[in-house]
S.K.: 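Just dropping this structure here.
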Amino acid sequence: MKKANTIPAVRPVIPVSDRLGDTKEYYFSTKLREIAALRAAGKDILNLGIGSPDLPPAPEVVAALTESARSEDAHGYQPYVGRPELRTAFSSWYARYFGVTLDPDTELLPLMGSKEGIMHISMAFLNPGDEVLVPNPGYPTYRSATELAGGVVRSYDLSAASDWLPDLEVLESAGLDRVKIMWINYPHMPTGATAPPDFFPRLVDFARRNGILLVNDNPYAFILTDSVQSLLSVPGAREVALELSSLSKAQNMAGWRVGVLAGAEEYLQTVLRFKSNMDSGMFLPVQRAAAVALGLGEDWYTKLNETYRRRQQVAFRIMDTLGCTYDRQQVGLFVWAKCAGSTDGYGTCDRALYDHDVFLTPGGIFGSAGEQYVRISLCSTEAELLQALDRLAVSAASDDSQPESRHSW
Ligand SMILES: Cc1ncc(COP(=O)(O)O)c(C=O)c1O
């Protein structure tokens with residue numbers, strides 16, 4: 001019999017950089033591989049994990065992309081600072097929805113998603129040993145970008161008791177001499193908390209007094225919120241503040257990779273010194289179509305939120321089934337809830353995945369303050385969410401014929 005052609009595994013002899021340090025592959029990068037393997041083995045896994053909108057962009061956005069892609073002159077390198085029509089569209093969008101005036105020539109730098117902006121800002125401003133205030137719980141990329149850039153993470157704890165807002169007095173009393181950057185993210189992922197009206201002015205004042213670059217990562221601005229807020233609307237903010245926005249979530253364009261960095265020209269020029277050495281501009285049809293998406297009217301966001309509101313209600317029921325507690329006022333693309341008693345989120349998510357074929361995100365991946373929590377993404381249809389509810393409810397019901405399959409959440 002002929003032997004199968006097997007390629008021997010390579011034993012790497014080249015050492016990795018010190019810079020990579022303890023940085024691990026991104027959680028969802030490994031977890032989605034595991035889910036693909038489970039599916040390949042015949043498991044019908046419902047993925048309620050990642051915040052990648054399942055709904056399509058507006059039809060006119062897709063039409064603009066395809067129309068532009070047909071033109072012969074659409075395929076070359078594009079300006080490092082984005083096309084003027086995209087920067088103008090971002091400027092009009094900021095004026096219309098956030099009430100903030102930004103010069104399209106100097107105060108807006110289009111990005112390939114806000115995630116790359118987090119890395120660019122870290123690389124552009126951090127020296128080895130500089131400290132960075134990172135929310136716990138919070139988006140894991142703030143931590144990894146800081147570490148990759150040689151900075152030192154100083155995580156600041158957020159809790160339900162303080163509405164997931166940092167205690168600025170505690171931070172100040174601990175000393176901030178070495179702190180160079182503070183990451184904030186309101187509406188906050190994963191907790192769905194919003195910043196009250198007086199909070200951004202307080203933060204700007206805090207950053208000015210302590211010489212800290214304050215960056216608001218704002219991809220969830222429109223989702224399930226009544227008020228759309230920008231940190232840059234605070235008078236004097238531009239001296240110390242930057243803001244990242246994205247078309248990934250509210251325009252259903254996560255795979256397109258379009259975002260923007262907004263702020264003072266001097267800061268953006270610094271970021272450009274790094275960024276222009278990393279990429280060579282965004283595909284022109286993507287930029288043209290993104291400009292169309294930025295021109296969508298309020299009805300687009302209203303309709304989107306009607307869908308998310310219905311899904312949120314089902315996600316709340318799933319959390320009830322799991323015995324978790326949550327704030328019904330939370331906003332954004334997820335539902336965040338606390339497990340009962342001392343139950344830990346990892347255990348709950350493992351049981352949901354391995355016993356019920358439902359993938360939920362354990363809150364601990366967002367930091368130690370999230371360990372008792374679970375996150376459900378609203379990026380699945382209502383029918384899928386209801387199916388997940390059915391599957392998870394089975395374990396809560398008593399079934400004497402199969403005691404081994406029974407557990408309380
Ligand atoms: C808080 C936060 N910031 C940034 C991002 C990245 O968004 P983008 O697709 O614009 O890179 C995400 C994505 O999930 C996020 O949750």
Side-chain angles (χ1 to χ4, degrees), residues 26-29 31-32 47-55 57 82 86 90 93 108-122 132-146 155-156 158 164 166 181-195 214-225 229-231 242-262 271 275 278-279 282 286-287 290 293-294 308 330-336 359 361-363 365-367 369-370 373 375-380:
Y26 192 55
Y27 172 79
F28 283 109
S29 176
K31 203 66 191 178
L32 294 181
N47 182 353
L48 309 187
I50 202 161
S52 178
D54 57 312
L55 298 164
L86 178 58
F90 269 120
W93 179 74
L108 288 154
L109 177 62
L111 302 170
M112 294 181 189
S114 53
K115 191 175 186 178
E116 72 147 11
I118 298 168
M119 191 70 214
H120 294 342
I121 291 166
S122 306
V132 179
L133 291 170
V134 168
N136 174 19
Y139 185 49
T141 300
Y142 309 137
R143 168 177 288 276
S144 48
T146 300
S155 68
Y156 61 88
L158 304 176
W164 307 103
I181 296 178
M182 177 178 192
W183 289 100
I184 57 161
N185 156 231
Y186 291 99
H188 184 246
M189 194 292 299
T191 67
T194 48
L214 180 66
V215 193
N216 186 34
D217 180 24
N218 200 15
Y220 298 101
F222 293 84
I223 316 275
L224 294 177
T225 48
Q229 290 192 78
S230 166
L231 179 64
L242 293 172
E243 189 159 71
L244 290 164
S245 294
S246 169
L247 301 197
S248 292
K249 314 292 179 177
Q251 287 76 19
N252 297 335
M253 292 166 69
W256 295 50
R257 312 309 300 131
V258 186
V260 73
L261 176 63
V271 173
K275 178 177 160 57
M278 289 296 100
D279 71 68
M282 235 186 288
V286 168
Q287 297 198 50
L294 290 164
Y308 283 132
Q330 60 185 287
V331 304
L333 207 48
F334 306 95
V335 166
W336 174 252
F359 172 48
T361 307
I365 72 154
F366 304 106
Y373 288 79
R375 190 192 80 168
I376 291 179
S377 161
L378 302 180
C379 299
S380 292

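Just the heavy atoms: all of them, side chains too, but no hydrogens, waters or symmetry mates, feed the values below. Atoms within each ligand, like the ligands themselves, are counted from 1 in listed order.
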S.K.: Which atoms of ligand 1 have any heavy atom of K249 under 4.0 Å away?
M.R.: 13 (C), 14 (O)
S.K.: Just which atoms of ligand 1 are under 4.0 Å from any heavy atom in G113?
M.R.: 10 (O), 11 (O)
S.K.: Can you confirm, on distance only, whether ligand 1 has an N/O atom lying under 3.5 Å from any N/O atom belonging to S114?
M.R.: yes
S.K.: With a 4.0 Å cut-off on heavy atoms, is G51 in contact with ligand 1?
M.R.: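 Not so, G51 does not reach ligand 1.
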S.K.: In terms of residue, atom name and distance, what is the protein heavy atom nearest to atom 16 (O) of ligand 1?
M.R.: Y220 OH, 2.6 Å
S.K.: Show which atoms of ligand 1 fall inside a sub-4.0 Å distance from at least one heavy-atom site of S248.
M.R.: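 Near S248, meaning under 4.0 Å from one of its heavy atoms, ligand 1 has 8 (P), 9 (O), 10 (O).
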S.K.: Would you say D217 and ligand 1 have an N/O pair spaced under 3.5 Å apart?
M.R.: yes
S.K.: Enumerate the atoms of ligand 1 whose separation from the nearest heavy atom of N185 is less than 4.0 angstrom.
M.R.: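 Counting from 1, the qualifying ligand atoms are 1 (C).
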S.K.: What part of Y186, side chain, backbone, both or neither, has a heavy atom within less than 4.0 angstrom of ligand 1?
M.R.: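 Under 4.0 Å from ligand 1, Y186 contributes no heavy atoms.
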S.K.: Ring-plane angle category for F359 and F28, please: parallel below 30°, perpendicular beyond 60°, tilted otherwise.
M.R.: perpendicular
S.K.: Answer yes or no: is there a donor N or O on one side and an acceptor on the other, between the side chain of S245 and the main chain of V260, under 3.5 Å?
M.R.: no
S.K.: Which one holds for R257 and ligand 1: side chain close, backbone close, both close, or neither close, with close meaning a heavy atom under 4.0 Å?
M.R.: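 R257 to ligand 1: side-chain contact only, backbone stays beyond 4.0 Å.
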S.K.: Decide side chain to side chain contact (heavy atoms under 4.5 Å, CB included) for W256 and Q251; before the verdict, give the C-alpha distance in whole Å, the side-chain angles of both, and the deciding distance to 0.1 Å.
M.R.: CA-CA 10 Å; W256 295 50; Q251 287 76 19; over 6 Å; no
S.K.: Apply the side-chain contact (heavy atoms from CB on, under 4.5 Å) test between L244 and each candidate in N185, L111, N218, N216; give the one that qualifies.
M.R.: L111
S.K.: Apply the test salt bridge (Lys or Arg N to Asp or Glu O under 4.0 Å) to residues K275 and E116: give CA-CA distance (whole Å), side-chain angles for both, the deciding distance (0.1 Å), then the verdict.
M.R.: CA-CA 9 Å; K275 178 177 160 57; E116 72 147 11; 2.9 Å; yes
S.K.: For ligand 1, which atoms sit closer than 4.0 Å to a heavy atom of S246?
M.R.: 8 (P), 10 (O)
S.K.: Under a 4.0 angstrom heavy-atom cut-off, which atoms of ligand 1 come close to Y142?
M.R.: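 Answer, ordered by atom number: 1 (C).
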S.K.: Which residue and non-hydrogen atom of the protein lie closest to atom 6 (C) of ligand 1, and at what distance in Å?
M.R.: Y139 OH, 3.4 Å
S.K.: With sequence neighbours left out, what residues match N252 under side chain to side chain donor-acceptor pair (under 3.5 Å)?
M.R.: none
S.K.: Can you name the atoms of ligand 1, numbered from 1 with element, that are less than 4.0 Å from a heavy atom of M189?
M.R.: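 Selected atoms, number and element: 1 (C), 16 (O).
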S.K.: At their closest point, which heavy atom of R375 faces which heavy atom of G51, and how far apart are they?
M.R.: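 In terms of heavy atoms, the two residues are closest at NH2-N, 4.2 Å.
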S.K.: Classify the ring geometry of F334 against Y220: parallel below 30°, tilted from 30° to 60°, perpendicular beyond 60°.
M.R.: perpendicular
S.K.: Which residue in the set F366, Y373, Y186 passes ring pair (Phe, Tyr, Trp, His ring centres under 6.0 Å) when paired with W164?
M.R.: Y373
